[in-house]
Amino acid sequence: MKVEYHAFPFTLVLIVILLLINFLTTPSEWWALYPTLFLLLGPLSLLLNKKGGYILYSLTMSGAIIAILFIINMIESPNYFWFMYAWFPIIWWPLSAIAGRTATKPFFATVAALSIIAYYTILNMYMEPGFPWAIFPTFAVLWWPLSVTYAKKHFLFSILGTTLLSTFLIVLNVLTTPETPWSLYPIFAVLWWPLSIKFGPKPFAFSIIATVLFSLFFITINVLTSPHTVWAVYPIFAILWWPLSMYFFYYKKKAAQ
């Protein structure tokens with residue numbers, strides 16, 4: 001069965017249904033145009049992927065997506081070019097296809113990430129200078145070279161990933177709500193990523209490190225939120241039983257055997 005040829009009548013039926021609903025419910029607003037444009041990409045993608053290879057497929061599909069976004073932008077809000085936020089990352093799809101195996105190298109990922117970061121930084125400065133929103137795509141894009149370069153080195157990747165995520169959270173905290181240090185909570189959670197990889201196979205050492213980390217976390221939160229009430233001793237007392245239990249019920253039992 002040739003799936004690509006059967007996709008055309010199925011897509012055509014969906015488009016007719018959408019246009020009919022649009023005509024019967026809101027004839028003054030042709031909203032069905034937008035899902036129709038994206039629905040047409042379905043059979044087109046099947047046909048291109050089958051006949052022309054991946055490079056032609058990526059070139060055509062990325063060009064079609066950018067054209068659709070441009071059309072929607074011009075129809076809905078011609079005074080604000082929001083499609084500028086989308087087109088530049090999309091062109092890295094066919095560029096990656098053309099680069100082939102080079103696209104899997106750290107150099108290509110670094111160049112692509114830096115160019116996308118530079119593009120969004122400039123866009124931020126000229127289109128929305130009131131808030132440095134470019135930190136969001138910067139944080140997301142930096143995972144590309146980081147993953148390509150260090151994904152196979154699990155412990156190092158966890159340290160670098162934790163550092164990147166913690167830095168992003170601190171910057172976001174300072175920019176948005178500097179009076180409330182909320183970033184401490186997700187950073188504390190993320191710290192368990194490298195700790196689990198490093199000390200996971202060593203239960204007793206892991207319990208000691210975890211107890212120290214928990215204690216520092218509770219002391220910090222205590223000092224920052226309610227310095228006149230020393231409540232951190234209660235959860236710390238409970239957590240101390242973790243390494244004690246590991247020592248007496250694991251190592252002592254193992255030594256007895």
Side-chain angles (χ1 to χ4, degrees), residues 1-23 29-124 126-128 133-149 151:
M1 180 182 290
K2 296 181 177 180
V3 178
E4 61 272 22
Y5 296 123
H6 288 273
F8 283 103
F10 180 72
T11 305
L12 187 61
V13 170
L14 282 178
I15 291 172
V16 170
I17 292 172
L18 281 172
L19 292 174
L20 186 60
I21 294 172
N22 192 165
F23 177 74
E29 297 179 8
W30 282 100
W31 52 263
L33 172 66
Y34 309 131
T36 296
L37 291 172
F38 283 104
L39 280 171
L40 288 173
L41 292 178
L44 179 63
S45 66
L46 290 172
L47 189 63
L48 286 171
N49 199 29
K50 185 84 173 180
K51 300 293 184 182
Y54 186 65
I55 292 178
L56 178 62
Y57 169 76
S58 61
L59 280 169
T60 308
M61 293 302 292
S62 58
I65 292 171
I66 292 171
I68 291 172
L69 293 176
F70 178 75
I71 291 170
I72 296 174
N73 188 173
M74 291 300 101
I75 293 174
E76 292 294 329
S77 52
N79 296 322
Y80 186 76
F81 300 120
W82 54 260
F83 84 98
M84 295 284 288
Y85 296 104
W87 77 272
F88 190 74
I90 293 175
I91 67 169
W92 283 95
W93 177 17
L95 288 176
S96 300
I98 293 169
R101 290 188 176 182
T102 306
T104 62
K105 304 296 182 185
F107 176 75
F108 183 89
T110 304
V111 171
L114 291 178
S115 66
I116 293 173
I117 290 170
Y119 174 76
Y120 277 118
T121 302
I122 295 170
L123 209 61
N124 191 171
Y126 283 95
M127 292 190 71
E128 296 287 347
W133 54 263
I135 59 171
F136 297 104
T138 297
F139 167 71
V141 168
L142 282 176
W143 286 98
W144 184 2
L146 194 66
S147 303
V148 170
T149 309

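The figures here come from the full heavy-atom set of this structure, side chains too, leaving out hydrogens, waters and symmetry mates.
Checking side-chain atoms of Ser58 against main-chain N and O of Ile55 turns up a donor-acceptor pair under 3.5 Å. In terms of modelled atom types and a separation under 3.5 Å, the side chain of Thr60 and the main chain of Tyr57 share no donor-acceptor contact.
Minimum interatomic distance between Val148 and Pro106 (heavy atoms only, all atoms of both residues): CG1-N, 3.7 Å. Closest heavy-atom contact between Thr149 and Pro145: OG1-O, 2.7 Å. Taking each heavy atom of Ala103 and Ser96 in turn, the nearest pair found is CB-O, 3.6 Å. Closest of all the heavy-atom pairs between Trp82 and Ser77 is NE1-OG, 2.9 Å. Closest approach of Leu18 and Ala32 over heavy atoms only: O-CB, 3.8 Å. When all heavy atoms of Tyr80 and Asn73 are compared, the closest pair comes out as O-ND2, 2.8 Å.
A distance of 9.0 Å separates OH of Tyr120 from CZ of Phe88, quoted to the nearest 0.5 Å. Taken from OH in Tyr34 to CG in Leu39, the straight-line distance is 15.0 Å, to the nearest 0.5 Å. Atom CD1 of Ile98 and atom CG of Leu59 lie 5.0 Å apart (nearest 0.5 Å). Note that CD1 of Ile71 and CE of Met74 are 10.5 Å apart. Values are rounded to the nearest 0.5 Å. Atom OH of Tyr126 is separated from atom OG1 of Thr121 by 12.0 Å, given to the nearest 0.5 angstrom. To the nearest 0.5 Å, atoms CD1 (Ile135) and CG (Leu142) are separated by 12.0 Å.
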Tell me, with the steps shown, if Phe136 and Asn124 meet side-chain contact (heavy atoms from CB on, under 4.5 Å).
CA-CA 11 Å; Phe136 297 104; Asn124 191 171; over 6 Å; no

Applying side-chain contact (heavy atoms from CB on, under 4.5 Å) to Tyr85 and Glu128, what does each step give before you reach the verdict?
CA-CA 11 Å; Tyr85 296 104; Glu128 296 287 347; 3.5 Å; yes

So Val111 and Phe107, side-chain contact (heavy atoms from CB on, under 4.5 Å) or not? Walk me through it.
CA-CA 6 Å; Val111 171; Phe107 176 75; 3.7 Å; yes

Using the side-chain contact (heavy atoms from CB on, under 4.5 Å) rule, take Phe83 and Ile68 through it: C-alpha gap first, then chi angles, then the decisive distance, then the call.
CA-CA 10 Å; Phe83 84 98; Ile68 291 172; over 6 Å; no

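Centroid-to-centroid, the aromatic rings of Trp87 and Phe81 stay 6.0 Å apart or farther. A distance of 6.0 Å or more separates the ring centres of Trp92 and Tyr119.
Residues Ile91 and Ile66 form a side-chain contact, since some pair of their non-hydrogen atoms from C-beta on lies under 4.5 Å apart.
Checking each of Ile116, Ile117, Leu114 against Thr138 for a side chain to side chain contact (heavy atoms under 4.5 Å, CB included) leaves exactly one that passes, namely Ile117.
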